[in-house]
Amino acid sequence: QVQLVESGGGLVQPGGSLRLSCAASRSIFSIYAMGWYRQAPGKQRELVATITRGGVTNYADSVKGRFTISRDNAKNTVYLQMGSLKPEDTAVYYCNADVTGWNTDYDYWGQGTQVTVSS
C-alpha cells in the first residue's frame with residue numbers, strides 16, 4: 001500500500017513551465033520505480049516519464065528534451081519539471097508507484113493534477 005498525492009498543476013501559457021510534485025506515504029527507495037502518466041479527455045492514459053530506484057530514467061518521445069523527472073528520497077517525493085509547454089501537453093497528470101517492477105497488482109496511483117496549456 002502506497003498513498004500518492006500530486007500537486008503543482010495549473011494554467012500556463014505555451015512556452016512556459018511547471019513543476020509537479022508527488023509525495024509518497026513511504027520511502028520511495030523501497031519502490032522499484034516512480035513515474036508520471038497523463039490522460040487527456042477522450043484519450044488513453046499514456047506514460048510521460050519514469051525513474052527507478054537506481055536512478056534510470058525513461059521518457060515518452062513527445063516530452064524528451066522538455067521534461068525532467070527527479071526524486072528526493074529524504075522527502076519521499078518525485079518531481080516532474082516541465083518546460084517549453086505546448087497545448088498538446090494539456091491533460092490530467094497522475095503519479096504512479098511501481099512497487100515490484102513486474103507485478104501490476106502492486107501499482108498505485110495518485111488522484112491526478114490538472115495541467116492546462118493555453119493562451
Side-chain angles (χ1 to χ4, degrees):
Q1 175 70 34
V2 183
Q3 290 181 279
L4 305 170
V5 180
E6 302 102 329
S7 62
L11 176 65
V12 64
Q13 294 184 0
S17 62
L18 282 174
R19 188 194 195 196
L20 306 183
S21 298
C22 172
S25 62
R26 62 149 127 152
S27 174
I28 59 175
F29 183 77
S30 67
I31 298 169
Y32 173 72
M34 300 290 296
W36 289 95
Y37 293 71
R38 66 187 182 187
Q39 187 168 26
K43 300 183 68 176
Q44 69 181 50
R45 189 173 298 184
E46 64 179 358
L47 180 147
V48 177
T50 60
I51 184 167
T52 72
R53 64 188 176 198
V56 178
T57 58
N58 182 52
Y59 296 92
D61 288 342
S62 60
V63 307
K64 285 181 180 177
R66 300 190 297 120
F67 292 8
T68 301
I69 188 169
S70 62
R71 66 176 192 262
D72 185 334
N73 290 337
K75 296 181 179 179
N76 294 334
T77 300
V78 174
Y79 304 96
L80 184 68
Q81 182 67 49
M82 305 185 294
S84 301
L85 283 162
K86 305 174 181 179
E88 307 91 89
D89 296 317
T90 296
V92 177
Y93 284 69
Y94 296 92
C95 185
N96 168 260
D98 177 2
V99 174
T100 70
W102 65 273
N103 189 342
T104 57
D105 289 342
Y106 297 97
D107 283 2
Y108 299 92
W109 297 88
Q111 82 288 349
T113 186
Q114 177 73 46
V115 173
T116 302
V117 184
S118 176
S119 299

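In what follows, every heavy atom counts, from backbone to side chain, and hydrogens, waters and symmetry copies are set aside. On a predicted model such as this, the values are computed, not experimentally measured, just so you know.
Side chains of Leu4 and Trp109 form no contact here, defined as non-hydrogen atoms less than 4.5 Å apart.
Minimum interatomic distance between Val2 and Ala97 (heavy atoms only, all atoms of both residues): CG1-CB, 4.4 Å. In terms of heavy atoms, Lys75 sits closest to Thr77 at O-OG1, 2.8 Å.
With rounding to the nearest 0.5 Å, the separation of CZ in Arg38 from CZ in Arg45 is 13.0 Å. Residue Thr50 holds its OG1 atom at 11.0 Å from CE of Met34, rounded to the nearest 0.5 Å.
A donor-acceptor pair under 3.5 Å is formed between the side chain of Tyr59 and the backbone N or O of Ile69.
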Donor-acceptor pairs are to be reported for all side-chain atoms of residues 11-29 against protein atoms at under 3.5 Å, with residues two or more places apart or in another chain.
from	atom 1	to	atom 2	distance (Å)
Ser25	OG	Gln3	N	2.9
Arg26	NH1	Ser30	OG	3.2
Ser27	OG	Phe29	N	3.2

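For the salt bridge (Lys or Arg N to Asp or Glu O under 4.0 Å) condition, no pair includes a residue of residues 96-119, sequence neighbours left out. Each side chain to side chain donor-acceptor pair (under 3.5 Å) pair with one or both residues in residues 110-119, not counting sequence neighbours, appears once here: Glu6-Gln111, Gln114-Thr116.
Lys86 has no carboxylate O lying under 4.0 Å from a charged side-chain N of Asp89, or vice versa, which leaves the two without a salt bridge.
The hydrophobic cluster containing Phe67 also contains Val115, counting ILVMFWY residues as joined when their side-chain heavy atoms lie under 4.5 angstrom apart, directly or transitively. By the criterion of side-chain heavy atoms lying less than 4.5 angstrom apart, applied directly or through intervening Ile, Leu, Val, Met, Phe, Trp or Tyr residues, Val63 is grouped together with Val78 in one hydrophobic cluster. Taken together through direct or relayed side-chain contacts under 4.5 Å among Ile, Leu, Val, Met, Phe, Trp and Tyr, Tyr93 and Tyr79 form parts of separate hydrophobic clusters.
Checking each of Tyr108, Trp36, Tyr37 against Asn96 for a side chain to side chain contact (heavy atoms under 4.5 Å, CB included) leaves exactly one that passes, namely Tyr37.
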